[in-house]
Amino acid sequence: VGAHADSNFLTMILQDAKNSGLQVQTIDGKWIDVPPTPANVLICNIGELAQIFSGGYLMATPHRVLRPQDSRISLPVFYNPKLDHVME
């Protein structure tokens, strides 16, 4: 998956305990690996809606997924406001 920031509010990811492939971009533009995590750890990506809602206090997390050597499984859960919600 190419570099992007999620457009939603928050993404929680249960990722593969053996193969990650997930990278996040630091504020100075460097890409760092997110290590594989055990099954009781969730990765949290702040989305663009959280950035807007917080007035920029929270920053959307640019991230990408590199193709690992072995297969990789991850389970993302995307949190969004109700479709009829008006953000003020």
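No experiment lies behind these values; they were computed from the predicted model shown. Basis for what follows: all heavy atoms, side chains included, without hydrogens, waters or symmetry-related copies.
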Do Arg67 and Arg72 make a side-chain contact, defined as non-hydrogen atoms from C-beta onward lying under 4.5 Å apart?
no

Linked, directly or transitively: Ile46 and Val77 (ILVMFWY side chains, under 4.5 Å)
yes

Side chain proximity check, Met12 to Ile43, heavy atoms < 4.5 angstrom
no

Could you list the residues that satisfy side-chain contact (heavy atoms from CB on, under 4.5 Å) with Leu75, not counting sequence neighbours?
Leu14

Nearest heavy-atom pair of Ser7 and Leu49: which atoms, and what distance?
O-CG, 3.4 Å

Quick check: do Thr37 and Gln15 have side-chain heavy atoms less than 4.5 Å from each other?
yes

Is there a side-chain contact between His4 and Arg64, using heavy atoms and a 4.5 Å cut-off?
no

What closest approach, in Å, do Asp16 and Ser71 show between heavy atoms, and which atom pair accounts for it?
OD2-O, 4.0 Å

Heavy-atom side-chain proximity of Asp6 to Glu48 below 4.5 angstrom:
no

Please give me the minimum heavy-atom distance between Ala60 and Ala5, naming the atom from each residue.
CB-CB, 4.0 Å

Would you find a donor on one side and an acceptor on the other, under 3.5 Å apart, between the side chain of Asn8 and the backbone of Leu10?
yes

Exercise: identify the closest heavy-atom pair between Pro36 and Ala17:
CB-O, 3.2 Å

For Tyr79, does the OH atom sit with more than 12 other heavy atoms under 6.0 Å from it, leaving out its own atoms?
no

Quick one: pull up NZ in Lys30 and CD in Gln23 and give me the separation to the nearest 0.5 Å.
13.5 Å

Taking every heavy atom of Phe9 against every heavy atom of Asn80, the minimum-distance pair comes out as N-OD1, 3.9 Å

For Val34, run the side-chain contact (heavy atoms from CB on, under 4.5 Å) check against Val24, Ile13, Val65 and tell me which one passes.
Val24

Is Ile73 linked to Leu42 within one hydrophobic cluster, defined over Ile, Leu, Val, Met, Phe, Trp and Tyr using a side-chain heavy-atom separation of less than 4.5 Å?
no

